[in-house]
Structures are given as C-alpha cells and as structure tokens.
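FYI, side chains are in, hydrogens and waters are out, and symmetry mates aren't considered; it's all heavy atoms of this structure. In what follows, every chain begins at residue 1, and chains take the letters A, B, ... in the order their sequences are listed.
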Amino acid sequence: MSKVKIITGTSAAAEAARLCDVDVVSAYPITPQTTCVEKLADFVANGELDAEFIKVESEHSAISACVGASATGARTFTATSSQGLALMHEVLFIASGMRLPIVMMNANRALSAPINIWNDQQDSISQRDTGWIQIYVEDNQETLDSIIQAFKIAENENVLLPVMVNLDGFILTHTVEPVELPDEEEVRNFVGIYNPKHAYLDPDKPITQGPVGVPSCYMESKHDVQLAMDNAEKVIIDVNEEFAKKFGRKYGNGLIETYNIENAETVIVAMGSICGTIKEVIDNLKQNGKEYGLLRIRTYRPLPTNHIREALKNAKNVAILDKNITIGLNKGALYTDLAGILKDKKTTNYIVGLGGRDIKPEDIEEIIKHAEKAEDGETKWIGLNKQ
Amino acid sequence: MVTIGAIIYEPGNSINNKTGSWRVFKPIMDKDKCVMCENCFIFCPEGCIKEKDGKFEIDYDYCKGCLICVEECPVNAITSIREEK
Amino acid sequence: MAEKQFPREEYLASGHRGCAGCGAAIVVRQALKAAGKDTIVANATGCLEVMTTPYPETAWRVPWIHVAFENAAAAASGVESAVKVLQRKRKKYADKKINIIAFGGDGGTSDIGFQSLSGAMERGHNMLYIMYDNEAYMNTGIQRSSSTPLLASTTTSPAGSVIKGEDRPKKDMAMIIAAHGVPYVATACLSYPEDFMKKVKKACEIEGPAFIHVLQPCTTGWGYNPKNTVKMGRLAVETGVFPLYEIENGEFRITYKPIKRKPIKEYTQLQKRYRHLTDEDIEILQKYIDEKCKLLGL
Amino acid sequence: MIEIRFHGRGGQGAVTAAQILAKAAFYDGKFSQAFPFFGVERRGAPVMAFTRIDDKKIRLRSQIYEPDYVIVQDPTLLDIIDIKGGLKKGGKIVVNTHNNLQFSDCEVYTIDATGIALEVLGLPIVNTAMLGAFTGVTGEVTIESLKKAIMDTFPKKLGEKNAKVAEVAYNMVKGK
C-alpha cells in the first residue's frame, strides 16, 4: 500500500533507497545531505533495510567503496553535496568508465570559497563531463521517484552508467511537503534485483576490472560510454513511461518537461526546484493574458538536444537560467551547452541563485522582461547587490 | 572492440605475452644436480619455473633472465650463459 | 625433499611486464599461494597494477579490481561489504570464506592512500592489506615516498653536494597500523617466503582487518643487479634494517632473529641509491638502525 | 495560499513547529510546505521557519516575505527582530508572552505558552502550545489535525503530552 508522508527531500531520497532494497550504502556526512544518510543509518540499525552501511572517512572513500561494492555485484547507493562531490571528482570518471550503475543523491550546494552551505548547482554542473547521468528534480516527490527510476536506468544493460539525482540544497533537502511513498513490493518488482552480467568479483569466474587502458583501447572505451549515454535517452523515456503506468506519476517525457510552451514567444529554460516558482509566475502572467513558457531540463546528461530543439521550435526568445557560472566566459553551463543548438533563436543567459541567493517571483518577471528586449547573447546576473 | 568497462574476462591471458624475448642471460638447469629445495620456484618473479614429472624446469617462453634462480640455488644446479638469438 | 613446501598453483600468470628480477611479482606469487583461490584482490595504482594489466591482457587468475592510487583500502572495503551482504541476502559465493586482499605500494599506502587505509583499518573490515614496500615511487621513476629510508638517493631526494639524499627516516607503517588496534599486523620480506606466507595465512584466517608490511627490493629503484633481489631482502633483514615481527591481538613477537646482525655496509654497498655515502654517513645510518633494533629487542 | 512565519531561538523547535503545522494542514486535506530559514546559527540564536498552506499543490520555492501570520515563540525576540516585517495588511501575530502587546495595523494575540508548557509538560518547550494558540486564533487548521500531527511527530508519551499542551492553549484563545 502506498502512503503519503510529509517529509523532506533528503528523507524522500533515503526512503527511495530503502524501497529499492539497496545492498551497500557508503557515504560521508555533509550539509545539506546529512539527514539522508542519518535516515539510511536508522533504517539499517532498525532492520528496515538489509544493507551494509560503510561509515567511510571521506567522500573520496565513499565513492571508492561504492565502486568496489558495485564491481562486486551489489546495488549501491551514496549521497553527497558540494565539496564532497568535488572530492569524489576523479572517482566519478572511474565509476562511469568501469560501467558501474551506482546511484547517488546530490544535494546541490555552492562551492568554496567563500565557504557557503546554501544552494546552487555549481557542484554537479562541475561534474558534467564525468560520464554520470544527471537528473535535476523539481520537488520531493520527484526526488523519491527519480531515485527509483535511477536504479532502473543505471542497471539497464544498454546503459550501465551511474546516475546522480540532484535536488536543491535546503530548498528541497530541508523542506517538508507531501510525498507519496509507493508500496515496497511494487517498487521492488519495478526495479528488480541487480544481477550484473558484466561486472562481478567471483573467485569461480575471475575477471580483471580497472586495467590499464592503453592507447589502443582507451578511445573506444570512452566512445562506448558515449554510446551508453545515447542509449540512456530512450531508456529514460521508457522508464518514465513505465513508472507512470505503475505509479501514476510522470515527469515530462523523462528528459524534458514543457509548461505552457505552445503559444509562448518567450520561453525560460531552467533546471531544478526553481521551475516550480517559474510555473507560478507563468500562471500569474497568463491571468493577465500574457503567454510565457517553461522548458525544464530534467536530464542534463545526457542532454537531450533534439528534444530541446523540438520543444523550442516556436520560441523566439529563449531565456536560459543557470545556478552556476563558468568564470572567465561569464556564462552558465546550460547556456554554453544550448547556445550552439539554438543558433536561430535569440538566447540570453541569467546567472541566478548562487550560494543560496533567494529567487523571488519578481526575479522571474524581471528575467522575462529582460529576455524580450535584450540583445542576443546577453548575460545578466540576477539579484546582485548594487553598491 | 573493447569490452564493457574494459573488463578482462580471460584470467591470466598475459601468457600470450612471451616475455622470454627480453632475456639477455639464460639460466640452465641441471636436473640431476637439483635437490628440489624449491628456492628457484618460489623466488622466480615470472612463475616460469615449473614442476614436471617430479623435476623443475624453466619455461623459456617467459624467463626474462634475471638469474635470481642461479643466485638462490644452494647446490649450483643452475648456471647461466649469454643468450644466443 | 619429498614434501612439497609451496603450493604449485600460480595465481599470477607469466607474461606480465615487470622488470627482470621484479620483487613485486615475487610478493604477489607468494601471497596468493598462501591465500589460495578464493581470494579477491583490490590493487592500488602502481607498478604492480600497470605491469599486470595492460588491456586486454591480465596476469591475474583471481578476481581483481583497480580503482585509483589512493583508495585500494576503500575499494576493498566496498568489496568486503558487498561480499558480506551478497552472501547474506542473495546466497552468493556458496557460503565460502572469501579472502579480500588489497595490494598497495609504499606511496599508495603510506602517503596518498594513508587516509583511506586508516579508515578501512579502523572500521574493522575483514580484509588483509599488503603494503609492498620498495621504498619509493618506482612506477613514476623513483621519487621519494614517506617510506624511503634515511640517506637513500631518489630522483626527488637526490644525493647532492649539500644534501645527502633523503633527510627523513622511514615512516613506520606497521606500528602506525598496530596503533589502530587491528587484530593482526606483521612485517615480512619476500626473501623469507615461509615466514611471509605463514603471516598471510594467519591474516586471512583472523576475523577483522590485518596489515602486512612486506619489504620488496627493487632492482631498478635501488640500483642492484636483478639477480640480487632475494639477496637484498635477506641482507635488509640480517642487518636489522628491516626487522621481521608480528603483532597478534596486541602481542608483539619477533619472527626472525639474526644470530648476529650484519653491518649495514654489506647491504648499502650493493645499491646505487647509497653509492654516495661516506664511511661517516654509514656510521650515522648504522647508529640509527642499532637504536631501532634495540627498541625491538634485536 | 496562506503563509506563516515562525520566530524562535535555535533549540526551541520553531522548525519542528512549522513542519507540524504543514502536517496538520495536510491532514485537513490541504497541500502544505514547511522549511527553515537556514543560517549558520546555533542553539540560542534567533531562527525563522516558514509554512505554506494551499488548496492546490504548492510550487513556489522562494522564501516568505509577506506572511499572513507570524508566530513568535520567544518574547525576548520582540526587542531585537522586526517581527512585523512584511506582514500582510490585516495579518495576525501570535506571541508567547504574559504581557499585553499592541501593534498598529495588525491583530496581536498573546498567550503564556511558557506557563502552559511548564504546567502540562514540565518543560519550557513552547512550540506545541504556540501551534494550539495559532489554531485557536486563526482556524487555518483544525485542532484534531493539529493533535494528530503532534502525536505522530513525537514518541508516544511525549506526543500525548504535547497534544494536551496544544489543546489547552487552543481552548484558552478560542473565542477570545
């Protein structure tokens, strides 16, 4: 039986890992992820989840232990944020290169210096090239649902890639709201049992994982990861559909979600919880007879460029919001990724919400106004304190 | 073709790599002198001294000619010569 | 000798690309003969990993994983936890006892992998970590590590006109790990295979974390004739440079006591890394070793 | 949509109170959301928390700047914080104090929550008393749902006691 609980985003993530019957959890506490691993530790301590919880001494070891466990054939989960994710950096490449379907919850948080525990998305954006599938969620329900979906996507034989489910720090991690917890049995039937054919450590069938990738094989190996990422697009769509059939909820087509986009000349492109606020603003403006649209990028890697182009085919002004900044270019990563495929549109870039700077409905209205008048390629920092 | 995750499924297939070609000096074993003390066997970095029919013999496909076996043989059953190619 | 002393099974295949006379290969052959077939190996980046696994070739006949340089202990933690949970939940491994062995060089263990090793030892994973110590970063071209001994010349602690090689003594890894309170810690040397293999067996049998610091002479890094790898290890032990002992559940025991310690000159004079030492330098070194040995009762 | 701001001190349970209120609203069949204003404050420092209640799914993610209600758990905050800041015209403030208070442009309700908590709970933990008072004053949630929300937030015995605290406070202000 499913039931609704009023819980935080981190709790939703922990509940999802429990529902998926993960075998190994390896994590190191960091704000604002902590309550996720605390809850998982509780589950294990109370016998509600039969898993090994490895209380590692750093995030580097957290993800390294995940690699070891996943390579042995265990379903593996970790959670982190910000500096912790940065510390994992090198091993993130290893997890994807070794094709290990580890699932991670990342609580999006700014990077030092100055040290800042609040939300932006610089941490995960900075890991965009590591070969991890990246999903950005809008609310706590989606956090739970996406982690369940993530295991099914990651473990799909045409994919076999790790998945990072990103939720905005504090804005979701520390906000309680109603979340429907699906029935445990139904979730376990949905995700199945992880029984890898490619990666295992078994003395009866000795294999060598993580060898030296000499120049004659390295490029092919990386190309295979890219092909797996390509395959992931369809798998994400299918899993989203299958999930909807079984649990009654879906998130756009799994890759992107559009909102009021059909008749809008100006469309905002964004990721994460900010999309909720944007939808509110769009509805309010609609009451005054003005049509604006939202394109929410749910999976940032793989970046579904064809879907994005198709969704924006009627748009004239595309306002791209980034909770991150590529310093030295004065653009956000989403903008730099999309500008190239939207050459026939007027695109503008908005750097928003860095380090927990609150984004108010007025800010969204300001962005819309600006996008309508601005020159192509302009960048604007929103909510910057003037001297 | 690279396997998924560049995983190698054939244990010990390094035997395809015949390292015997590296050799400059060649150990020669006198089986009659050998007392089966196992020194050469346990100290060989290549694992290329093998027991066959109750006697040790050197697998020259892999022997790199380090001559540890010569050095560690207590009865001088192994001597070395210049490799002739 | 009728009785076969050492198992004939080879878990490290020929054809690997180690230097002629490679000590690391000897260490692994001996360790795996002791541990047996039901063993999973996690390997830190280093000579051993590189020389044994250039894709698509592997010298390993046991399941093996390499993740990165500094995290063999963490990766092994994950493997150990996974084996445990898969045995419990999924009835895998047919209830066999699986040995988890991590191999790390001195750099991957005492320097960059120190934190993850400390974490793994402290957490009590049922695993054996073997530090194969060749006393410098051999894989990258003989740079000093914290395990490089006093006065040894390496490419980053070169013997110059002002500084005489490495200016710090060797980090005492076995004692540091012993301070973690793990049930089994030992030192060993490839030149004493019975002793080393007995220790590996014991470490595998004991429940909980175990650590073996094994000295592995390196022909390339130390600068000696490859035929002398075993001799060099024997001299290290006979001179007291590398004492052999074990600490089992807190109890310290010397496992090999030279009848009379040899002067360290017999050891240093055969190695290029000590070639720059004067008699006075050797005297300093001898004194240092004498004091260390006195502490251990050698 | 109605928006509520809680003022308290770290350790007084303002964040928990905001969450309980969100739960109560949910039990009434509404949608709700609660979140803290998360600073670097430790125990004792002034803290804020927020609750939103609506008839439809809440998507707004910004902080609350113009609340309909303000709940002040600690009277000593009155001197150091602009508790009325942004309050909507005609908005209501519920303050824990045994003194009489007057503000312009808004209705102020006072209750000696500390007194009630000490009497019923034996501890000066005031968040559930304040929620009871808020419920009595505003009727935004039902006392039944509030009690249920309190009961499933705390362990059984403590839950019962806290529900009692809320009820006492509720009855005290009800119809005032």
Side-chain angles (χ1 to χ4, degrees), chain A residues 21-26 28 44 50-76 78 90-91 93-95 97-98 100 102 193-195 199-218 220-221, chain C residues 11 17 36-43 45 49-86 88-90 92-94 96 98-100 102 113 115-120 122-123 125:
Chain A
D21 194 23
V22 297
D23 300 314
V24 173
V25 176
S26 170
Y28 185 77
V44 173
D50 185 4
E52 288 294 311
F53 188 106
I54 313 178
K55 293 162 272 183
V56 283
E57 80 300 332
S58 74
E59 285 89 355
H60 195 283
S61 285
I63 189 66
S64 301
C66 280
V67 168
S70 186
T72 310
R75 180 172 285 160
T76 307
T78 187
E90 90 169 317
V91 188
F93 286 95
I94 295 169
M98 290 176 75
L100 300 172
I102 299 160
I193 287 172
Y194 180 50
N195 197 8
Y200 44 79
L201 291 170
D202 183 350
D204 289 336
K205 286 180 285 178
I207 64 171
T208 288
Q209 295 192 61
V212 179
V214 293
S216 58
C217 80
Y218 183 87
E220 287 71 19
S221 199
Chain C
Y11 298 104
R17 290 143 199 260
K37 170 187 165 285
D38 291 330
T39 298
I40 300 174
V41 169
N43 201 161
T45 306
E49 164 259 337
V50 171
M51 76 196 207
T52 54
T53 65
Y55 186 90
E57 278 176 11
T58 180
W60 298 85
R61 292 194 176 114
V62 291
W64 180 94
I65 180 170
H66 158 252
V67 183
F69 197 3
E70 67 282 51
N71 60 4
S77 303
V79 172
E80 188 256 6
S81 300
V83 166
K84 215 196 261 176
V85 75
L86 292 176
R88 186 171 72 227
K89 270 172 93 172
R90 312 257 178 256
K92 289 198 176 169
Y93 303 107
K96 268 193 272 191
I98 308 287
N99 304 313
I100 316 292
Q115 174 181 314
S116 75
L117 172 65
S118 177
E122 169 274 319
R123 285 192 298 273
H125 295 282

Exercise for review: Test side-chain contact (heavy atoms from CB on, under 4.5 Å) on A/Asp202 and C/Lys92 and set out the steps.
Suggested key: CA-CA 9 Å; A/Asp202 183 350; C/Lys92 289 198 176 169; over 6 Å; no
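Both the backbone and the side chain of C/Ile65 come within contact range of chain A, each with at least one heavy atom under 4.5 Å from a heavy atom of that chain. Within the 4.5 angstrom heavy-atom criterion, no atom of A/Val25 approaches chain C. Contacts of A/Cys66 with chain C are absent, with no heavy-atom separation under 4.5 Å from either backbone or side chain. The contact between A/Ile193 and chain C is made entirely by side chain atoms (from C-beta outward), counting heavy-atom distances below 4.5 Å. With a 4.5 angstrom heavy-atom cutoff, A/Leu201 touches chain C via backbone and side-chain atoms both. Residue C/Lys37 touches chain A through both its backbone and its side chain, counting heavy-atom pairs closer than 4.5 Å. For a residue to count as touching a neighbouring chain, one of its non-hydrogen atoms must lie under 4.5 Å from one of that chain's; by this rule A/Ser26 does not touch chain C.
For A/Asp50, the salt bridge (Lys or Arg N to Asp or Glu O under 4.0 Å) criterion is met by C/Arg88, not counting sequence neighbours. Remark: A/Glu59 pairs with no residue by the side chain to side chain donor-acceptor pair (under 3.5 Å) rule, at least two apart or across chains.
Between C/Thr58 and A/Pro211 there is no side-chain heavy-atom pair separated by less than 4.5 Å. Residues C/Tyr93 and A/Pro203 form a side-chain contact, since some pair of their non-hydrogen atoms from C-beta on lies under 4.5 Å apart.
Top candidate by heavy-atom pairs under 4.5 Å with chain C, chosen from A/Asp21, A/Ile63, A/Val214, is A/Asp21.
Residue A/Phe93 qualifies as enclosed at atom CZ: its count of foreign heavy atoms under 6.0 Å is above 12.
Using modelled atom types and a 3.5 Å distance limit, the side chains of C/Ser118 and A/Glu57 yield no donor-acceptor pair.
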